[in-house]
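The next block holds one structure in the form of structure tokens; read it before the comments.
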Amino acid sequence: MLGKDWLFGVPFWEEEHPFFFVHETQEDSTPAHVWQLHVRAGKVQDFQAILSSLIELAREQGGYRGVLALASGKSESPDVTLVALWDSLDAMRASENNLFLTEAISRYLVCCEGLPHIMEQELLACDFIATSARAKA
């Protein structure tokens with residue numbers, strides 16, 4: 001939950017910020033699974049195919065909102081950060097309990113070194129939500 005936080009020297013609570021999504025309560029929050037993975041050399045195409053197949057499975061999960069994949073380091077063996085957004089903490093937890101999370105981990109083991117590091121985080125700010133809403137209008 002946000003307290004008296006500052007953004008670019010301006011307190012959040014004094015001004016409306018059109019490019020940022022800021023929630024007031026835990027119920028309004030957008031939870032995320034943040035994955036840290038390291039793709040083995042020569043396995044980038046395998047990783048991309050696995051990610052695509054997992055996105056299809058995730059879309060079948062109630063409350064799944066989408067994923068962002070970021071890569072850094074060597075292009076033939078990148079470090080990857082995945083941010084999967086969910087409607088609610090309950091929806092995210094349901095995906096953990098119905099074996100979706102286990103399935104995802106087992107598929108990534110084919111092309112990644114070690115187990116992925118997975119954290120639960122909360123979306124603080126995002127311009128994608130505003131952009132998506134404007135595009136649909």
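This chain uses plain numbering: 1 for the first residue, then up along the sequence. It should be emphasised that the depicted structure is a prediction, and the values quoted were computed from it without experimental measurement.
Other residues, nucleotides and ligands contribute at most 12 non-hydrogen atoms within 6.0 Å of the CD atom of Gln45.
Among the candidates Leu37, Leu70, Val44, the single residue satisfying the side chain to side chain contact (heavy atoms under 4.5 Å, CB included) test with Pro78 is Val44. The side chain to side chain contact (heavy atoms under 4.5 Å, CB included) test with Pro116 singles out one residue from Val34, Leu82, Ile105, and that residue is Ile105.
Summarising the geometry, atom CD belonging to Glu96 is positioned 5.5 Å from atom CG belonging to Leu101; distances are rounded to the nearest 0.5 Å. To the nearest 0.5 Å, the span separating CE on Met92 from CD on Gln61 amounts to 13.0 Å. Arg93 CZ to Asn98 CG: the interatomic distance, rounded to the nearest 0.5 Å, is 14.0 Å. Annotation: the span from Tyr108 atom OH to Lys43 atom NZ amounts to 15.5 Å, rounded to 0.5 Å. Here Thr30 contributes atom OG1 and Trp86 contributes atom CH2; the two are 13.0 Å apart, rounded to the nearest 0.5 Å. Atom SG of Cys112 is separated from atom CH2 of Trp35 by 9.5 Å, given to the nearest 0.5 angstrom.
Two residues are said to be in side-chain contact when any heavy atoms from C-beta on lie closer than 4.5 Å; His38 and Val80 fail this criterion. The closest side-chain heavy-atom distance from Arg107 to Leu57 is below 4.5 Å. Between Asp87 and Arg65 there is a side-chain heavy-atom pair separated by less than 4.5 Å. Counting heavy atoms from C-beta on, the side chains of His33 and Glu120 come closer than 4.5 Å.
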